[in-house]
*Asks:* 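Attaching a single structure in C-alpha cells format; questions to follow.
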Amino acid sequence: MSRFFVTTPIFYVNAKPHLGHAFTTILADAMTRFHRLMGEECFFLTGTDEHGDKIAKASEEAGQSPKEYADQISGLFRDMGPLLGAKPDHFIRTTDPEHIKCVQKVLQKVYESGDIYFGEYGGHYCFGCERFYTEKELVNGMCPDHKTRPEYIAEKNYFFRMSKYQAWLIEYINQNPDFIRPARYRNEVLSLLESGALEDLCISRPKSRLTWGIELPFDQDFVCYVWFDALINYVSALNYPRGEKFKKFWPVANHIVAKDILKPHAVFWPTMLKAAGLAPYQSLNVHGYWLVRDTKMSKSLGNVVSPKQMVDAYGISAFRYFLLREMAFGSDASFTEEALVGRLNADLANDLGNLFNRVLSMTHKYFEGKVPSPAAETEEDAELKRLGRDAMRNFQGHFAEFRTARALESLWELVRALNKYIDTAAPWTLFKNKDKARLGTVMYMLLEHMRKIAVHLWPVMPEASVKMLEQLGCCFDLDKVQLAKEPEVWGLLDSGLAVSPTSNLFPRVDVPEPAPPAAPEALAAPAADAEAPKAKAAEPKKKAPAKTAEAPVGPAESIEFADFQKLDLRVGTVLSAAKHPDADKLLVVQVALGEAEPRQIVAGLADRFSPEDLTGKQVVVVANLAPRKLRGLMSQGMILVAKDAEVTRLLTSAGTVDDGGKVA
RNA sequence: GGCGAGGUAGCUCAGUCGGUCAGAGCAUGCGGCUCAUAUCCGCAGUGUCGGGGGUUCAAUUCCCUCCCUCGCUACCA
C-alpha cells in the first residue's frame, strides 16, 4: 500500500494563530484527505515549537512559567485544527518528553560521529537582540540597535559541522528535481549554496543564559538551540528511531512550509539528517504569503486576519475553498473579504450550488425524487463524459503536486459543462414531450457527474462534500471511495436512490463594504480579545497609518515637511580615511560630529576619492541613518556627495561650521 | 551590483519545444432559456502578448539589449 506523510511546520508559540498558520494547516489537511481518497495510508503531523529565549522572556512578562505559557498558546494551535475542519493525526510539542529524548538521541549520534564540535563563540552579547556582536560591529561599544552596552560573554558553544555537507546537498538537489518545489525555491536554495561557503551552525546555548531548552546529552551545561530542536519533530513524532511509524512514513515525508523558513528546511534539515545517518525527506513544498489586500500581514499594522472570524462569518467550506482556490502554489496571494465573497458567490453559489439545486429540483419534478435509470447515450453524452474524465484527471494530477488552485480550476470546467449541458439538453422540453427515456439519461448524466464532483471536493471541503453526497442519496464512505478510478468508471450512482428536493449549501452572500481605513482595526480587535491569553494590555495602540491603499495619486512624489525633518543632517570634519581592508570600493572614514567619539562611516567612494581627498574636509553626513555593517565594519552614517553624469563632488559647507552643525 | 522569478484583455492569471496561440475566469454590454440560489446559457468586445534590435519564409513564443516589479544576495548607503 502506498503511503503519504505530510507536515506543517511546528508553530512557534510566541503568537496566536493567524491566516498563515490556518492556510498551511488547511493545505496539509487537504493533501492528507486527497491521498486518503487515493487509497493511501496517511499521516498528518502538526504541532508547536516551544523552546527558546523569546518564550522564556514572554512567559516572564506574563508572570508564568515557560511551560504554563507554552501550554496556553499551544492549546490555541491545537484548537485551530477542528475550527478549520482539519484533522491532524498527531499534534507534537517540543516539550513532549518523547520529543526531548529523541532530540538528545540524535544529538548524541551526531556528536559521536564527530560532526558536532566545541568551539569559541561570541563576544559581545546584546540581550535585546539576543545575539552576539563582534568588536567591529559595535558602535562606540554600544549595540547599534539598542544603544546599550552589550555584555561581554566569552562563551564556548557546540557547533554542527554543516559546511561538511554543502557539496553533497548541492548534488542531491541537482539529482532530485522534486526535492524542493516549486522550482523557483529550488533555484534559490541552489544559488544560496553555490554562492559561498556554508557556515557551521551553532546549536547550543549555555544554561547560564538560557535554561528553557533541551539539555545536550553530552554536556549538561548547555541546552540545544532552536532549529536543531525544532526540525527533529518531524522524526520524533514518528517515534524515531525504532518506531513502526518511522519506517512506514519517513520515506514519504512531504513538508509544507511558507517561504520565510525555506533555508532551515532546505539547508539545515537535510544536512542534519545526513549527519545523523538518515535519508532526506521526500519533498519540501514551499508556499507564499497571504497578503492582506496588498500589504504584508503584521501585528503592528493591525491587519492580522483571524481565521476564526472568517470561518464564523462565511463557513469552513467557503473559507477552505477560497484559500485553496486563490493561492497559486509558491506565489503570494491576496486576502480580502471581497475576493472571498466573490469566489463564494460566483464559484460556489452560482455555479456549483445552483447546479445542485436545479438538478435535484428537476429530479423531483420529473422522477419523484428518485435517481432515474439511464437509457442509450448520445454523442453529446459521450462528449460530456470525455470532458468530465479529463477534468478529473487534471484535478488529480495538479492536486497531487500541491497545485490546488489549478486543480479546482480544472474541476470547475466540469461544473460549468454540466450547467451548459442542462441548457442544451433542456430536460423541461423532454418532459413536455414525454420523452422519459432521454430525460432519464440526461438526468442520470447530471447526477452521476455531480456525485463525482462531490467526491473530488472532499479534500477541499469535507463537510460540504459529505452533504452533497447525502443530497444525492449516497453516504460517504472513505474506505469505498476509489478516487483514482473515478475519471474512468461510470455508473456508480445507483438508480432509485432518493435525492433531496432542494439544495442550499452555498447561499449567496452580500458583498462586504470594501474595507475602508478603519477596517484593519475592526479585523484585529475582536481577534485580540477573543483569545488573548497573555493580555498585553500595555501594548501601544495600533495606529494604522493612512497608507498606500488610500494614497492620493499626486503627480510628483512630494514629501511633507515632517518627512524631511526625519533626516538628521550634520556637518562634520573628516579626521582620517583609509581603504577598507577587505573591499576595494569602500573607504573607512572617521568623522568628527561634535560627539564624544568620532563616527566611523564606511563609504562607497573609493573608486572616486582617495583617502587624502577626504581627510581634513568638512562633509555633510546623514547622522541618524541606521547603523549597518559593511563588509565587516560598522558604518554609522552616510557621507553625501553631489554628482552628475561625469563628476562626483563632496557635499560640503561654503564656510567652516562647527562640527555637528545642523543642515536645515 | 550579482543571481532568480515575472511583466499577456479593466482585474486575476493560463499558454506558446516559433507557424488557427492571441486564451480562461471575474467585471461590463446585449441576447436567450425557465429546471434553479435575480441563478444558468450564448454573443460582443478592447489587447502593438513590457520597449527596442536581431535570427527566420514566419516570433508573443529563440537570441541581444533596455525599462519596470518581486525574491534572495552583495564591497548601495
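The chains referred to below are lettered A, B, ... by the order of the sequence lines, with proteins before strands, and numbering in each begins at 1.
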*Asks:* Say we look at B/rU56 and B/rC75: how far apart would their C1' atoms be, to the nearest angstrom?
*Replies:* 44 Å
*Asks:* Rounded to whole angstrom, note down the C1' distance from B/rG42 over to B/rC33.
*Replies:* 10 Å
*Asks:* Report which part of the nucleic acid A/Y366 touches: base, sugar-phosphate, or nothing (heavy-atom distance under 4.0 Å, all strands).
*Replies:* sugar-phosphate
*Asks:* Could you tell me the Watson-Crick or G-U partner of B/rU55, where both distances fall under 3.5 Å? Say none if there is no partner.
*Replies:* none
*Asks:* Apply side chain to side chain contact (heavy atoms under 4.5 Å, CB included) to residues A/T378 and A/R438 and explain how you reach the verdict.
*Replies:* CA-CA 9 Å; A/T378 65; A/R438 180 63 194 145; 3.4 Å; yes
*Asks:* Any N or O donor-acceptor pair linking the side chain of A/N357 to the base of B/rA36 at under 3.5 Å?
*Replies:* no
*Asks:* Pairing check on B/rG23: which nucleotide meets the Watson-Crick or G-U wobble criteria with it, both distances under 3.5 Å?
*Replies:* B/rC13
*Asks:* Find the partner of B/rG71: check Watson-Crick (N1-N3 plus N6-O4 or O6-N4) and G-U wobble (N1-O2, O6-N3) distances, both under 3.5 Å, and reply none if neither fits.
*Replies:* B/rC3
*Asks:* Give a yes or no on whether a salt bridge exists between A/E463 and A/K467, defined as a side-chain N under 4.0 angstrom from a carboxylate O.
*Replies:* no
*Asks:* Classify the nucleic acid contact of A/N354 as base, sugar-phosphate or nothing, counting any heavy atom under 4.0 Å across all strands shown.
*Replies:* base
*Asks:* In whole Å, what separates the C1' atom of B/rU48 from that of B/rG1?
*Replies:* 33 Å
*Asks:* For A/G342, which contact category applies under a 4.0 Å heavy-atom criterion: base, sugar-phosphate, or nothing?
*Replies:* nothing
*Asks:* Using whole Å, report how far CG of A/L190 lies from P of B/rG2.
*Replies:* 21 Å
*Asks:* Across the strands shown, which category fits A/A603 at heavy-atom distances under 4.0 angstrom: base, sugar-phosphate, nothing?
*Replies:* sugar-phosphate
*Asks:* From CG of A/L193 over to P of B/rG2, roughly how many Å is that when rounded to an integer?
*Replies:* 22 Å
*Asks:* Which part of the nucleic acid, if any, lies within reach of A/D347 when heavy atoms closer than 4.0 Å are counted: base, sugar-phosphate only, or nothing?
*Replies:* nothing
*Asks:* Atom CG of A/L355 and atom P of B/rC35: how far apart are they, to the nearest Å?
*Replies:* 16 Å
*Asks:* May I have the distance from A/K263 (atom NZ) to B/rG71 (atom P), rounded to whole angstrom?
*Replies:* 18 Å
*Asks:* Sort out the partner of B/rU28 for me: Watson-Crick or G-U wobble, both distances under 3.5 Å, none otherwise.
*Replies:* B/rA44
*Asks:* For RNA chain B, find the residues of residues 407-422 of chain A with a heavy-atom distance under 4.0 Å and give them by number; none if there aren't any.
*Replies:* A/R416, A/N419, A/K420
*Asks:* For A/L360 and B/rC35, what is the distance between atoms CG and C1' respectively, to the nearest whole Å?
*Replies:* 11 Å
*Asks:* Is there a Watson-Crick or G-U wobble partner for B/rG18 with both distances under 3.5 Å, and which nucleotide is it?
*Replies:* none
*Asks:* Classify A/P427 by what it touches in the nucleic acid, base, sugar-phosphate, or nothing, heavy-atom distance under 4.0 Å.
*Replies:* nothing
